[in-house]
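In each ligand, atom 1 is the first atom listed, and ligand 1 is the first ligand listed. When a residue number appears, it is its place in the shown sequence, counting from 1. A quick note: this is a predicted structure, and the numbers were derived from the prediction, not measured.
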Amino acid sequence: MDNFTFQSPTKFVFGKGTETQVGDLVKQTGATKVLIHFGGGSVQRSGLLDRVKASLDAAGIPYVSLGGVLPNPTDKIVYEGIELCRKENVDLILAVGGGSSIDSAKAIGVGVPYEGDFWDFYSGKKHAKKTLPVATVLTIAAAGSEGSESSVITKEEGSFKRGYTEELIRPVFSILNPALTQTLPQNQTAAGAADIMAHIFERYYTNTLDVEVTDRLCEALLLTMLHELPKVIADPNDYEARANIMWTGMVAHNNLIGVGRQQDWSSHGIEHELSALYGIAHGAGLAVVFPAWMKYTMHHDVMRFAQMATRVFGCDMDFANPERTARMGIERLEAFWSSCGLPIRLQDVGGREEDISYLAGHIGLGDGTMGSFVPLTTSDVIGIYKLMLR
Ligand code: NZQ
Ligand code: ZN
């Protein structure tokens, strides 16, 4: 196991009706004016936004609002938010929604105290030294942004979808009420689940040896997803299954399960090109990318894939032919995702073979590589995109 430092400073308030505590929680942070930041309207339709405002009113916290964050959020609204926060002297940003609203809030947070262009952080030019605190009321179990040190924004000009990772941007508190996820359409529930599973895979496929504890945590979370997701697909109002998935989503991505080991993350980079070009849900893109990435890289460490296949997907170990076991695990993953209504091939998300060289080139690897389990060149990435075709 590698050396590590782990600090997860976010306060999590979990359970039914917890959004009514938001006013008091904001007050406890010492904030005096809030920007409520949200998406395309689901929080208005569900009545959540009104409940959040009522709680802030009751705590005597003034606020301004900025809605309209797009799924796969773009830089445009970040600039608007930065301007609004400066004009209104906002000192805490409250994201009410999913990963997109939270990531946009995080970008505004680092942008407000910074004199330059916030994109400097996402393009890797600069590291933020300060941020406005960000808090969240989560409405979808997926990105894990409610506990993570990451934010992903798309620059509209040139469609560059890029992530920024920095400890400073972890939320100060996050409210997780699983009942709020009951209004999600099935495709969003399933895409969120695929994203959660992908966050585990990105950490599981590692070259670091002797990481039994984090391997076992990863496997437990994946087993939970295999057990709970079908229940939610069958009954979207299954609160207990929603609760298990929501907490899995947080634990899968606040890095508790990733410490002390090399992590890969190339599949996320490969997916970001799909969601940037085709406007699809990030999790749906990952359901297409991961099986292909697995097939492409499995020979690097067949036993690790066979371990996943036996411990998580219930395959029997073929000691004479471990590759057979490894392949069966990948097939079972595809079958599971398909059974939940997820796409698993490029064509399923509107992808076209003729876009592949653009997609691979747009990642911008040049002569470099991405990922660490198997460092991938642009030609490897092309090979992976090709494996996504039927
Ligand atoms: O915009 P509204 O109207 O709110 O609708 C949203 C949106 O259309 C809807 N929705 C959310 N909660 C709902 C609901 N509809 C009905 N009932 C509810 N309770 O669902 C759609 C998707 O929302 P979004 O916030 O985009 O989903 P998600 O949480 O999957 O976030 C995706 C973004 O997060 C990034 C992705 O790349 C993508 O841009 N990621 C962020 C990460 C991080 N910050 O750590 C890590 C991830 O790997 C990921 O890259
Ligand atoms: Zn993700």
Grouping ILVMFWY residues whenever side-chain heavy atoms fall under 4.5 Å, the cluster of Leu25 otherwise contains Val13, Val22, Val26, Val34, Ile36, Phe38, Val43, Leu48, Leu49, Val52, Leu56, Ile61, Tyr63, Leu92, Leu94, Val96, Val137, Val172, Phe173, Ile175, Leu180
Sub-2.8 Å protein N, O or S atoms surrounding the Zn ion (ligand 2): Asp195 OD1, His199 NE2, His268 NE2, His282 NE2
Any side-chain donor paired with an acceptor under 3.5 Å for Thr206 and Arg261? no
Can you confirm if the aromatic rings of Tyr205 and Trp293 lie within a centre distance of less than 6.0 Å? yes
Compute the centroid of each ring, for Phe118 and then for Tyr114, and state whether the two points are separated by less than 6.0 Å. no
With heavy-atom distances below 4.5 Å as the criterion, would you say the side chains of [X] and [Y] are in contact?
{"X": "Asp355", "Y": "Tyr385", "answer": "no"}
{"X": "Trp337", "Y": "Pro291", "answer": "yes"}
{"X": "Thr5", "Y": "Glu167", "answer": "no"}

Under 3.5 Å donor-acceptor pairs involving side-chain atoms of residues 243-253, not counting sequence neighbours:
from   : atom 1 : to     : atom 2 : distance (Å)
Asn244 : ND2    : Glu240 : O      : 2.9
Thr248 : OG1    : Asn244 : O      : 2.7
His253 : ND1    : Arg203 : NH1    : 3.2
His253 : ND1    : Arg203 : NH2    : 3.3

So, for Ala95 and Ile102, which heavy atoms are closest and what is the spacing to 0.1 Å? CB-CA, 3.6 Å
If you count only heavy atoms, which residues are under 4.0 Å from ligand 1? Gly39, Gly40, Gly41, Ser42, Pro71, Asn72, Pro73, Gly98, Gly99, Ser100, Asp103, Thr139, Ile140, Ala142, Ala143, Ser145, Ser148, Ser150, Ser151, Val152, Lys161, Leu180, Thr183, Leu184, Gln188, Asp195, His199, His253, His268, His272, His282
